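As the structure is a computational prediction, the values presented were derived from the model and not from experiment.
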Amino acid sequence: MLRKLFGKKDQETLTEEIVVSPLNGRIIPLEEVPDPVFSEKMMGDGVAVVPEDGELMSPVDGEVLQVFPTKHAVGIKTKSGLEILIHIGLETVMMKGEGFTSLVKEGDRVRTGQPLISFNVDLVKEKAKSTVTPVIITNGEKAGTVEKLSPDQAQAGTTQIMRITDIK
C-alpha cells in the first residue's frame, strides 16, 4: 500500500519473509553443522544446505550488502530489513577465492532464484573442511518468529526453507 502524505511515501511494513534454498541439496538443522560458530548460533539462527552442485542462488529479493573478498560468502538485506548471510562451505576462506566466481557485487538488487556465486563443489570438497552451507539471519533481533521448514531435499530458488513472521 503506497500513500502520499505531505510529499512522502508511506509504505506498508512487511511482517513476513519467505527464505528459499540458495542451493540444490539436502537441508540440515543448523545444530548439525560441524562448526560451533554456526551450530551454536553465534552468528544467528538459520538452517544449512549440503550442496549437490556449485550454483548459489539468492534465497530472497533484496540488496547485496557484501560479497566477501574470497567470494565464499554473501550477505543480503531483504525488503523488510532482515540480513541473511550465506556461507559456502566451512573453512573455505582458506581457499582465498580459488574456485569461486561472484556474479554480483555490493549494492546490486537481486531477485529470489538469481545466481549469486558459482563455485567448484569438488574443489571445496577437496580443500575445505566441508561443503555444508549455512544460511543465517544475522540480525535476529529483527526477526520475530523463525519457522524452519524442513524439506529433506531442496531445489535452489524455489523450495521454502524458512518463514520469518512478526518482523520488527
Side-chain angles (χ1 to χ4, degrees), residues 16-78 82-105 108 110-140 143 145-164:
E16 177 180 284
E17 290 273 3
I18 300 294
V19 179
V20 300
S21 182
L23 294 157
N24 292 318
R26 185 170 51 92
I27 305 300
I28 64 170
L30 203 56
E31 295 80 6
E32 292 181 18
V33 174
D35 183 322
V37 170
F38 296 109
S39 64
E40 294 176 16
K41 302 179 184 176
M42 292 179 203
M43 296 194 69
D45 201 1
V47 298
V49 185
V50 180
E52 293 174 352
D53 56 42
E55 295 301 319
L56 183 78
M57 310 287 187
S58 182
V60 293
D61 291 349
E63 178 183 347
V64 176
L65 289 177
Q66 180 179 21
V67 176
F68 286 65
T70 50
K71 302 176 194 90
H72 74 286
V74 61
I76 300 172
K77 185 173 189 172
T78 70
L82 291 178
E83 295 175 4
I84 300 186
L85 170 71
I86 309 151
H87 191 285
I88 302 168
L90 303 176
E91 297 184 14
T92 44
V93 70
M94 310 290 194
M95 293 174 66
K96 298 180 180 163
E98 181 186 3
F100 295 88
T101 302
S102 179
L103 307 172
V104 293
K105 63 187 180 316
D108 283 356
V110 294
R111 306 282 304 162
T112 301
Q114 180 178 333
L116 300 175
I117 296 172
S118 64
F119 62 99
N120 183 326
V121 73
D122 292 325
L123 194 62
V124 173
K125 285 178 185 174
E126 177 188 326
K127 295 196 169 202
K129 179 179 178 181
S130 173
T131 61
V132 170
T133 300
V135 181
I136 306 293
I137 301 164
T138 58
N139 63 342
T145 305
V146 178
E147 179 186 359
K148 295 169 194 164
L149 310 171
S150 301
D152 184 36
Q153 281 296 116
Q155 183 177 354
T158 60
T159 305
Q160 296 181 3
I161 58 172
M162 286 187 281
R163 178 180 296 115
I164 300 98

Open item on the list: Atom NZ of residue position Lys96 - does it have more than 12 heavy atoms of other residues, nucleotides or ligands inside 6.0 Å?
Closed with: no

Open item on the list: Any heavy-atom pair between the side chains of Leu23 and Phe119 that's under 4.5 Å?
Closed with: yes

Task: Minimum heavy-atom distance between Val124 and Ser130, given as atom pair plus value - done: CG1-O, 3.9 Å

Task: Ser102: partners by side-chain hydrogen bond (donor to acceptor under 3.5 Å, both in side chains), with sequence neighbours left out - done: none

- [ ] Check whether any side-chain heavy atom of Met95 lies under 4.5 Å from a side-chain heavy atom of His72, and answer yes or no.
- [x] no

- [ ] Evaluate side-chain contact (heavy atoms from CB on, under 4.5 Å) for Phe68 paired with Ile88, printing each intermediate quantity in order.
- [x] CA-CA 11 Å; Phe68 286 65; Ile88 302 168; over 6 Å; no

Task: Pair Val74-Val67, side-chain contact (heavy atoms from CB on, under 4.5 Å): steps then yes or no - done: CA-CA 5 Å; Val74 61; Val67 176; 4.0 Å; yes

Task: Spacing of Gln160 atom CD and Ile18 atom CD1 [to the nearest 0.5 Å] - done: 4.5 Å

Open item on the list: To the closest 0.5 Å, what do you measure between OG1 (Thr101) and CG (Asn120)?
Closed with: 9.5 Å

Open item on the list: Using side-chain heavy atoms (C-beta onward) and a distance below 4.5 Å, is Leu82 in contact with Val19?
Closed with: no

TODO: Please report the closest heavy-atom contact between Leu123 and Glu98, naming both atoms and the distance.
DONE: CD2-CG, 3.7 Å

- [ ] Would you mind reporting whether Val47 and Leu30 have side-chain heavy atoms less than 4.5 Å apart?
- [x] no

Exercise answer: donor-acceptor pairs, residues 56-63 side-chain atoms, under 3.5 Å, sequence neighbours excluded:
residue	atom	partner	partner atom	Å
Ser58	OG	Val60	N	3.4
Ser58	OG	Val60	O	2.5
Asp61	OD1	Thr112	N	2.7
Asp61	OD1	Thr112	OG1	3.1
Asp61	OD2	Arg111	NH1	3.3

TODO: Please determine if Lys41 and Glu31 form a salt bridge, counting it only when a charged side-chain N lies under 4.0 Å from a carboxylate O.
DONE: yes

Task: Minimum side-chain heavy-atom gap Met162-Asp45 below 4.5 Å - done: no

TODO: State, to 0.1 Å, how close Pro36 and Met42 come at their nearest heavy-atom pair, and which atoms those are.
DONE: O-CE, 3.7 Å

Task: Side chains of Thr92 and Phe100 in contact at under 4.5 Å (non-hydrogen atoms) - done: yes

TODO: Taking the side chain as every heavy atom from C-beta outward, state whether Lys105 and Val64 have any atom pair closer than 4.5 Å.
DONE: no

Task: Gap separating the CG atom of Leu103 from the CD1 atom of Ile117, nearest 0.5 angstrom - done: 7.5 Å

Open item on the list: Quick check for you: to the nearest 0.5 Å, what is the distance between Ile76 atom CD1 and Gln114 atom CD?
Closed with: 9.0 Å

Task: Whether Asn139 side chain and Glu83 backbone form a donor-acceptor pair below 3.5 Å - done: yes

Task: side-chain contact (heavy atoms from CB on, under 4.5 Å) assessment of Ile84 paired with Glu17 - done: CA-CA 11 Å; Ile84 300 186; Glu17 290 273 3; over 6 Å; no

Task: Over all atoms of both residues, closest heavy-atom pair of Lys148 and Gly46 - done: CE-O, 3.3 Å

Task: Atom of Ile27, atom of Pro151 and distance for their closest heavy-atom approach - done: CB-O, 3.2 Å

Open item on the list: How long is the straight-line distance from NZ of Lys129 back to CE of Met94, given to the nearest 0.5 Å?
Closed with: 10.5 Å

- [ ] Could you check if a side-chain atom of Val132 sits within less than 4.5 angstrom of a side-chain atom of Phe38, using non-hydrogen atoms only?
- [x] no

Open item on the list: Holding to side-chain hydrogen bond (donor to acceptor under 3.5 Å, both in side chains), I want the full list of residues that pass it with Glu147, two or more places apart in sequence or in another chain.
Closed with: Arg163

- [ ] Nearest 0.5 Å please: distance from the CG atom of Leu116 over to the CD atom of Glu55.
- [x] 10.5 Å

Task: Closest non-hydrogen atom pair between Val121 and Gly54, with its separation - done: CB-N, 4.3 Å

- [ ] Give the C-alpha distance, both sets of side-chain angles, the deciding distance and a yes or no for side-chain contact (heavy atoms from CB on, under 4.5 Å) between Thr159 and Val20.
- [x] CA-CA 5 Å; Thr159 305; Val20 300; 5.9 Å; no

